[in-house]
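Here the structure comes first, spelled out in structure tokens, and everything after it is commentary.
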Amino acid sequence: SEDLTQPTDVEITVTVEDADGNSYIETFTVNVQPDPYDGGPFLTDLPEVISTTVGEPVVLQLDSIDVEGDPVVYDGVRVDTVNYTVSVNNQSGLAVVTPPAGFVGPFEVLFRVSQLSESDTDDDYDSQYVTIEVTPAAPLSIDLVDASDSGISTTDEITNDSTPTFEISGVIDGATVTLYDGDTIVGEADATGDTVVITTSTLADDTYNLVAKQTFDSMESPASNPLEVLIDTVAPPQFSSTPPAIATVGQEYRYDAQN
């Protein structure tokens, strides 16, 4: 038993049998001694990398294994020059890592566990490093600029401009902002404030579902909400009908134009 505290004699029986059905049985006694070594606890495997977006803390549940079932103590240590905070409930192992306000980029955190009482291990702690990657927030919106919006409405997102220009808001100064149609890049520009203007490559007549992402310090943000845009450069056909050539004063002039 793993709970053995006193030496105990255990009787073991071994049986050997040949192909003809003949057998031999031998029984012997083994004196089982309790394990005097009190090993320390081990952290269960943690993710090597955890991603979050700017302004969002990381919540992580630490867990461990201690063969002897001894009470353990959890801890988190700031080991990076980035001024983040890490707090760990020493008993439950619930950890919260909060990046600095506005920070984008990676940093490392050290998590560890030890035995509440003294163990027989050379190192009191079992430790693991976790890299936290803080990505930018998704851009807030994409808007087809008025100069590119040739439709009858400035809000219908229909244009005959095959290289339309869009304004993307809610970006980081210095970020590279990329405009995608699905997985295809259709435009890119570097932000010099919290908005950026992007003119696309030439787009064929079609409907496009555009999203924007921003990359800062090698960290790419989630995608923005999509904007559906219709590119239509084909003019309507000429009229196939002939208008009436005579009108009468005081009477309504009607022409059913067809094309």
Side-chain angles (χ1 to χ4, degrees), residues 47 49-60 78 80-87 95-109 130-232:
V49 179
I50 299 176
S51 294
T52 186
T53 54
V54 62
E56 293 294 328
V58 172
V59 179
L60 181 64
R78 185 164 69 88
D80 203 286
T81 56
V82 177
N83 192 30
Y84 64 86
T85 62
V86 53
S87 61
V96 180
V97 182
T98 305
F103 175 81
V104 173
F107 59 83
E108 278 193 325
V109 185
V130 175
T131 298
I132 307 295
E133 291 186 344
V134 185
T135 65
L140 289 179
S141 65
I142 309 171
D143 183 48
L144 180 65
V145 301
D146 290 349
S148 286
D149 196 343
S150 63
I152 59 174
S153 167
T154 58
T155 60
D156 60 7
E157 315 303 345
I158 298 175
T159 181
N160 63 9
D161 185 352
S162 60
T163 56
T165 299
F166 298 88
E167 183 179 72
I168 293 89
S169 63
V171 296
I172 298 172
D173 188 5
T176 298
V177 183
T178 307
L179 203 57
Y180 292 89
D181 174 48
D183 295 327
T184 302
I185 296 175
V186 297
E188 192 170 78
D190 293 332
T192 56
D194 59 4
T195 63
V196 64
V197 174
I198 297 177
T199 298
T200 72
S201 53
T202 302
L203 303 178
D205 284 16
D206 205 345
T207 298
Y208 296 85
N209 284 291
L210 303 177
V211 297
K213 297 180 182 180
Q214 59 176 329
T215 301
F216 188 83
D217 197 15
S218 300
M219 299 291 169
E220 187 177 63
S221 75
S224 67
N225 290 327
L227 177 71
E228 184 176 286
V229 177
L230 173 62
I231 308 294
D232 182 7

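Quick caveat, the model's predicted, so the values are computed rather than measured. Values below: all heavy atoms of this structure, side chains included; hydrogens, waters and symmetry mates excluded.
- Counting heavy atoms from C-beta outward, S221 and T53 have side chains that stay 4.5 Å or more apart.
- The OG1 atom of T52 sits 11.5 Å away from the CE atom of M219 when rounded to the nearest 0.5 Å.
- The side-chain contact (heavy atoms from CB on, under 4.5 Å) check on V54 picks up V104, V134, A137, with sequence neighbours excluded.
- Here T131 pairs with nothing under the side-chain hydrogen bond (donor to acceptor under 3.5 Å, both in side chains) rule; sequence neighbours left out.
- Between the side chain of D143 and the backbone N or O of V145 there is no donor-acceptor pair closer than 3.5 Å.
- Shown here are the ring pair (Phe, Tyr, Trp, His ring centres under 6.0 Å) partners of Y84, two or more places apart in sequence or in another chain: F107.
- Scored by the side-chain hydrogen bond (donor to acceptor under 3.5 Å, both in side chains) test, D80 finds no partners at all (sequence neighbours excluded).
- Rounding to the nearest 0.5 Å gives a distance of 13.0 Å between OG1 of T98 and CZ of F103.
- A side-chain donor-acceptor contact under 3.5 Å links T159 to the backbone of S148.
- Applying the side-chain hydrogen bond (donor to acceptor under 3.5 Å, both in side chains) test to pairs two or more places apart or on separate chains, those with a residue in residues 210-220 are Y180-E220.
- Here the CG atom belonging to L227 is positioned 9.5 Å from the CD1 atom belonging to I168, to the nearest 0.5 angstrom.
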Test V229 against F166 for side chain to side chain contact (heavy atoms under 4.5 Å, CB included), laying out the working first. CA-CA 11 Å; V229 177; F166 298 88; 3.7 Å; yes
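- Partners of E188 by side-chain hydrogen bond (donor to acceptor under 3.5 Å, both in side chains), not counting sequence neighbours, listed by chain and number: T178.
- With sequence neighbours excluded, the residues satisfying side-chain contact (heavy atoms from CB on, under 4.5 Å) with T207 are E228, L230.
- Annotation: side-chain contact (heavy atoms from CB on, under 4.5 Å) contacts of D205 (sequence neighbours excluded): I231, D232, T233, V234.
- Scored by the side-chain hydrogen bond (donor to acceptor under 3.5 Å, both in side chains) test, S141 finds S169 as partners (sequence neighbours excluded).
- For D156, the side-chain contact (heavy atoms from CB on, under 4.5 Å) test picks out D149, I152, S153, I158, with sequence neighbours left out.
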Using side chain to side chain contact (heavy atoms under 4.5 Å, CB included), reason through L179 and I185 one step at a time and then give a plain yes or no. CA-CA 6 Å; L179 203 57; I185 296 175; over 6 Å; no
Solution key, residues 192-204 side-chain donor-acceptor pairs under 3.5 Å, sequence neighbours excluded:
{"unit_1": "T199", "atom_1": "OG1", "unit_2": "T165", "atom_2": "OG1", "d": "2.8"}
{"unit_1": "S201", "atom_1": "OG", "unit_2": "V186", "atom_2": "O", "d": "3.4"}

